[in-house]
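All remarks here apply to the structure that follows.
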Amino acid sequence: MLKYMELANEIEELIETLPLREGGKLPSIRTLAQRYECSKSTIIRTLQELERQHRIYAVPKSGYYVVRSRAASEDARTGVLDFIAAAPDPELFPYLDFQHCINKAIETYKNDLFVYGTPQGLPSLLRVVRSLLASSQIFTETDRLFVTSGVQQALSLLAAMPFPGGRRTVLIEQPGYHLMVRYLQTYGVPARGIRRTAEGIDMEELERLFRGGEIKFFYTMPRFHNPLGCSYTEDQKKQIVRLAAKHDVYLVEDDYMADFEENRRADPLFAHDPSGRVIYLKSFAKILFPGLRLGIAVLPRALAEVFSRHKKLQDIDTSMLSQAALEIYLKSGMFGRHKQRLSRSYAKKARLLQDSLQRAAGQLGDRAAFRPAPTPMIHTHLELHPGIDVPRLAARLARRSVLIGPMDQHYLEGFPRDPLLKLNVSQVKADEIERGVELIAEEISGSPLHTAKGLST
């Protein structure tokens, strides 16, 4: 990453930590140069970059001043603490950077972007993505890479297309990704569930299901599971891969939050897979913005041809304009800067959320349990007392401008449901997380407990 881009993140953090409101003046160029031990020309270029992004503005012969975002102003007016929303904070979207990349893509590729492409993706983007994946221990060749219209398209193709051996059943963690659950049930895809908790899954149960001979793939989120927020240990990942190889089952690894991993020793399932049974999926929705609708699928060669054929029948190709803009964004260094900025913001929020929940443990008593994660993430969950009425709890919190959501949509129909409460702070301001957790703990501790017959205790 270029020095001035890295420095831009540092100055943005300064803006957030200093008591600077709309119109607040930044320290002088000389002061900033001394603070960050760099030249004044580097500071000037950094400030110009932040001005281009409308984070600050310049007053001739006076200095640079802070611009307060519209999103922040709207949040301040509404006062709602949304612990449901899972999308990235719109305030952190790289609007101007990506607009520049779109314009540059049109200028660079011209007519190539406005005709049909290939099902696999823009060749120049595939080469860039191959290098990007290698930094996450995903070593592969470009002929195994496919650009998809988000990870959701890759999942729908994998669920629908035939696999070797004619197996048809999809195994999915419970709770699991709600849109995958909905897809399987809407289209009548045979599906089985396996219970997942903060500790992981029952490996004996997994092997029993694999041994049955009907599972074509096991769909899993090893890292920062949605909605639980927990991750498998390295030993658990290796064991899952061994069992898949032993029983001839494919693994679909949805690594949608890989860009936010702080533990450099945490590898994906793909890195432990010598037999070529892991299908690796990467999303750009959480690190950039959901509307980009671009995902990456790494297919075993045994499945690549049939995947390509099914993809071509579904959409011919994925938006060439978006692919070209993403390529330029990745190569320019803008992605590295944005990733660093967003990762810092999420890491801060994740620590605040985990610390707040640990402090609330005494107040929660036996009505809710929280299990801290070795690497916290911006979403997590509470294990509630089975006697707590979650819809009523949500209604009471909504009256106090705190939004929470139940887990129902994350389960297959008929699968036993644990009494869980999911919490996500991607769109909650850092300085409001502790207050929100306090309100949630207060309402949980004051909730009446109900028996199976509906009587309060």
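- In summary, the side chains of H272 and E234 do present a donor paired with an acceptor at a separation below 3.5 Å, with no hydrogens or angles considered.
- Counting heavy atoms of neighbouring residues, nucleotides and ligands inside a 6.0 Å radius, atom CZ of R396 exceeds 12 of them.
- N424 and S426 share a side-chain donor-acceptor pair at under 3.5 Å.
- Checking T197 against E199 by side-chain atom types alone, a donor-acceptor pair falls below 3.5 Å.
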Practice problem: Just do the side-chain hydrogen bond (donor to acceptor under 3.5 Å, both in side chains) check on D97 and Y329 with the steps written out, would you? | Solution: CA-CA 8 Å; D97 281 350; Y329 189 74; 4.7 Å; no

Self-check item: Evaluation steps, ring pair (Phe, Tyr, Trp, His ring centres under 6.0 Å), between F224 and F260
Solution: CA-CA 9 Å; F224 306 131; F260 302 104; 8.0 Å; no

Quiz prompt | Full working for side-chain hydrogen bond (donor to acceptor under 3.5 Å, both in side chains) between Y36 and T46 | solution = CA-CA 12 Å; Y36 295 107; T46 301; over 6 Å; no

Quiz item: Where do Q363 and E442 land on the side-chain hydrogen bond (donor to acceptor under 3.5 Å, both in side chains) test, with the steps shown first?
Solution: CA-CA 7 Å; Q363 183 178 3; E442 185 179 319; 5.2 Å; no

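- Note: F217 and F163 have tilted aromatic rings, judged against thresholds of 30 and 60 degrees for the angle between ring planes.
- Salt bridge annotation for E438-R359: absent, with no cationic side-chain nitrogen under 4.0 angstrom from a carboxylate oxygen.
- No side-chain N or O of N226 forms a donor-acceptor pair with one of Y256 less than 3.5 Å apart.
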Quiz item: Can you list the steps and then say if Q152 with Y177 is a side-chain hydrogen bond (donor to acceptor under 3.5 Å, both in side chains)?
Solution: CA-CA 10 Å; Q152 190 65 25; Y177 177 39; 3.2 Å; yes

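- Between the side chains of T375 and E262, no donor-acceptor pair of N or O atoms lies under 3.5 Å.
- For Y109 and S124, the side-chain atoms include at least one donor-acceptor pair closer than 3.5 Å.
- Taken from CD in Q137 to CG in L133, the straight-line distance is 11.5 Å, to the nearest 0.5 Å.
- Both the sub-6.0 Å distance and the 45° axial angle are satisfied by K282 relative to the ring of F284.
- Between F289 and F93, the ring-plane angle classifies as tilted under the 30° and 60° cut-offs.
- A salt bridge links R301 with D143: the closest approach of a Lys/Arg side-chain nitrogen to an acidic carboxylate oxygen falls below 4.0 angstrom.
- Defined by atom type and a distance below 3.5 Å, a donor-acceptor pair is missing between the side-chain atoms of S332 and K104.
- In this structure a side-chain-to-backbone donor-acceptor pair under 3.5 Å is missing from Y232 to P222.
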Exercise. Step by step, work out the side-chain contact (heavy atoms from CB on, under 4.5 Å) result for L228 and M407.
Key: CA-CA 10 Å; L228 299 179; M407 290 276 199; 4.1 Å; yes

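- In this pair, H178 and H410 present their aromatic rings perpendicular. The plane angle is above 60°, beyond the 30 to 60° band.
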